[in-house]
Amino acid sequence: MVKKGMQIGLLIFGMTFGAGNLIFPPSLGFQAGPLFWPAIIGFIISGVGMPVVSLIMGTFNPGGFRAEMNKKISPLFSLVLLTLIYLAIGPLMAIPRTAATSFSVGILPLAGDGTLQLAVYTALYFALAWWLSITPSKLLSRIGKILTPLFAVMIVALFVLGLSAFTTTELTAPAGNYAISAFGSGFIEGYNTVDTIAAFAFCIIALQTLRQMGFSSQREYYISVWAAGASVAILMAALYLGLGLLGNHFPIPESVYQNPAVNLGAYVLTQASYSVFGPVGVWFLAVMVAITCFTTSVGLIAAVSEFFASEFPRLSYKAYVTIITLFSFAAANLGLNQIIQVTLPLLLFVYPMAITVVLLIIVNKFVSLSRIGMRLAVAAAAVCAVIDILHQFAHLEMAGQMLSYLPLGTSGLGWIVPVCAAIAMSFVLPQKVTGKVEKSSLMHDV
């Protein structure tokens, strides 16, 4: 039971941990300075806690988030929200961005900048991604047992050797918002990894793999789910901590960290690789970043294709894999920045609603909630998200003023208090919904 769960956890961890997960912690470590520990704790709570809880809640029910939202809110809402989520973190942004990011951080120093180099690299990248994604039953053996341990060992080697070489911090005081609230800034940085959305996507892979393994009892299934979640949490927290400490101890010249155009996380990874491994450091970095991003791409292609093949079966799973791979290849080469500009508001729209759904599922596991109240909670999250989008992208002054009246509104978390108020109303409103999963239904699906 535990072994099965750990295998699934290793697979999901490999798919979730991408370029952003590599870059955020070193940047946090450097900017937090002497306030590193409260900052990294806040980061781990939101950057690890929320995604892992989402993963566990989504796999407790063999129907996944689709079944949970069908019951708690409505089938139409669940279909629309999940479709938007899979599009936003799939071909419209995350998949092509992993290829472009791995090229710019790892491959560009070797191959040089240019459209031809990018085209050749992404062609090979997506050809391999298509080959791995086309047979989802083999993801566990190919991703979970080979590629994930490989990049995890490389990351551990980098920060262990780096911490041995660099023992002092260059920055003597916390920078920016970390000086005001290290824990809060770390929490928001972890929230901004958007890994909770990834958990929604990868639940479908976890459920598929769980069905392949087979279980003799409900208890065995639940233990495996908890083991998978614990494995993901331990691995992500350990790598976040190590990468954060590396950034905290890495000496960065003032001319670099004062330059707003420099990505501090990428700078730490690049310079640490060169310093620790010498002439082969550029190759080490290229392989580490490429594999880390590649596993995420494969997981997303498979998850998005599984979802669309299930919900819109006019095309086969293999057809969706091919379409998504080709679209992502084109986006990575032709118009990634423009696509991201369009997709980012969509992501900001669905993210608060996704977290609200997870909160509703958790609370509903313990007490019955009103369907009306749960719908109000989701609506509150959606309204706050729209206001935030209007403020950030349409630059409406009225929207900014409305956000300023909400607790945490200026940090992108203004939806929390209205959502919590709506959840509280769910205790007293009529049309109660129980959060229990029937044993017979569970065992039939597994």
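Since the structure is predicted, the reported quantities are computational estimates derived from the model, not experimental observations. In this chain, residues are counted from 1 in sequence order.
Inter-residue side-chain proximity for L239 and F13 is flagged as met; some heavy-atom pair is nearer than 4.5 Å. Under the 4.5 Å side-chain criterion, counting only non-hydrogen atoms from C-beta, S273 is in contact with L158. Side-chain contact between T209 and L139 is absent, with no heavy atoms from C-beta onward closer than 4.5 Å. Under the 4.5 Å side-chain criterion, counting only non-hydrogen atoms from C-beta, I361 is in contact with F65. Put simply, the side chain of Y257 does not reach to within 4.5 Å of the side chain of V262, judged on heavy atoms. Counting heavy atoms from C-beta on, the side chains of R375 and S74 come closer than 4.5 Å. Between P75 and R66 the shortest side-chain heavy-atom distance falls below 4.5 Å. No side-chain heavy atom of V358 sits less than 4.5 Å from a side-chain heavy atom of M50.
Checking side-chain atoms of N61 against main-chain N and O of M57 turns up no donor-acceptor pair under 3.5 Å. A donor-acceptor distance shorter than 3.5 angstrom exists from the side chain of T122 to the backbone of A119, with no hydrogens or angles considered. Checking side-chain atoms of S46 against main-chain N and O of G42 turns up a donor-acceptor pair under 3.5 Å. For the pair T135 (side chain) and K138 (backbone), a donor-acceptor distance under 3.5 Å is absent. Panel note: side chain S27, backbone I23; no donor-acceptor pair is recorded below 3.5 Å. Counting only distance, with no hydrogens or angles, the side chain of N21 and the backbone of G18 share a donor-acceptor pair below 3.5 Å. For the pair Y191 (side chain) and G47 (backbone), a donor-acceptor distance under 3.5 Å is absent. Counting only distance, with no hydrogens or angles, the side chain of T148 and the backbone of I143 share a donor-acceptor pair below 3.5 Å. N364 places a side-chain N or O within donor-acceptor distance of the main-chain N or O of V367, the cut-off being under 3.5 Å. Within the 3.5 Å criterion, the main-chain N or O of A182 finds no donor-acceptor partner in the side chain of S185.
A side-chain contact (heavy atoms from CB on, under 4.5 Å) with M93 holds for exactly one of L347, L300, L346; it is L347. No option in V48, L28, L22 other than V48 meets the side-chain contact (heavy atoms from CB on, under 4.5 Å) test with Y240.
Here M6 contributes atom CE and S224 contributes atom OG; the two are 11.5 Å apart, rounded to the nearest 0.5 Å. Here the OG-CG distance, from S297 to L132, works out to 11.0 Å after rounding to the nearest 0.5 Å. Interatomic distance, F277 CZ to M154 CE, rounded to the nearest 0.5 Å: 7.5 Å. Considering CD1 of I107 and CH2 of W283, their distance stands at 8.0 Å, rounded to 0.5 Å. With values rounded to the nearest 0.5 angstrom, F200 atom CZ is found 8.0 Å from T196 atom OG1. Going from atom OG1 of T295 over to atom CZ of R142 covers 15.0 Å, rounded to the nearest 0.5 Å.
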Could you walk me through whether L35 and Y178 satisfy the side chain to side chain contact (heavy atoms under 4.5 Å, CB included) test, starting with their C-alpha distance in whole Å, then the side-chain angles of each, then the deciding distance to 0.1 Å, before giving a yes or no?
CA-CA 8 Å; L35 297 179; Y178 288 95; 5.9 Å; no
Please report the C-alpha distance between F43 and F187 in whole Å, then the side-chain angles of each, then the deciding distance to 0.1 Å, and finally whether the ring-ring contact (aromatic ring centres under 6.0 Å, His included) criterion is met.
CA-CA 4 Å; F43 183 86; F187 183 91; over 10 Å; no
Start with the C-alpha distance between F312 and Y320, add both sets of side-chain angles, then the distance that settles side chain to side chain contact (heavy atoms under 4.5 Å, CB included), and finish with yes or no.
CA-CA 10 Å; F312 308 99; Y320 279 115; 3.4 Å; yes
Show the numbers, then the answer: is there a side chain to side chain contact (heavy atoms under 4.5 Å, CB included) between L243 and I155?
CA-CA 8 Å; L243 290 168; I155 295 171; 3.9 Å; yes
Pair V282, Y274 - check side chain to side chain contact (heavy atoms under 4.5 Å, CB included), show working.
CA-CA 6 Å; V282 64; Y274 297 167; 3.7 Å; yes
Determine, stepwise, if the pair F30 / F250 fulfils ring-ring contact (aromatic ring centres under 6.0 Å, His included).
CA-CA 7 Å; F30 179 78; F250 193 84; 8.6 Å; no
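Considering every non-hydrogen atom in both A309 and S316, the closest pair reads CB-C, 4.3 Å. Contact detail for G33 and N248: the closest heavy-atom pair is O-ND2, 2.8 Å. The shortest heavy-atom contact between P51 and A199 is O-CB, 3.4 Å. Of all heavy-atom pairs between V378 and I73, the closest is CG2-CD1, 3.3 Å. Here the closest heavy-atom approach between residue A129 and residue I301 is recorded as CB-CD1, 3.9 Å. The minimum heavy-atom distance linking P96 with G90 is given by the pair CD-O, 3.6 Å.
Between F151 and F17, the ring planes are parallel. Angles under 30° get that label, and only those over 60° would be called perpendicular. Between W226 and F60, the ring planes lie perpendicular to each other; the angle is over 60°, past the 30° to 60° tilted range.
Under the 3.5 Å distance criterion, with hydrogens and angles disregarded, no donor-acceptor pair is assigned to the side chains of T296 and T98. Of the N and O atoms on the side chains of T356 and W415, not one donor lies less than 3.5 Å from an acceptor on the other residue. Between the side chains of S102 and Y121, at least one donor N or O sits under 3.5 Å from an acceptor N or O. Side-chain atoms of E306 and S310 form no donor-acceptor pair, as typed in the model, at a separation below 3.5 Å. In this structure, a donor-acceptor pair under 3.5 Å is absent between the side chains of T16 and D195. With 3.5 Å as the limit, one finds a donor-acceptor pair spanning the side chains of Q392 and D388.
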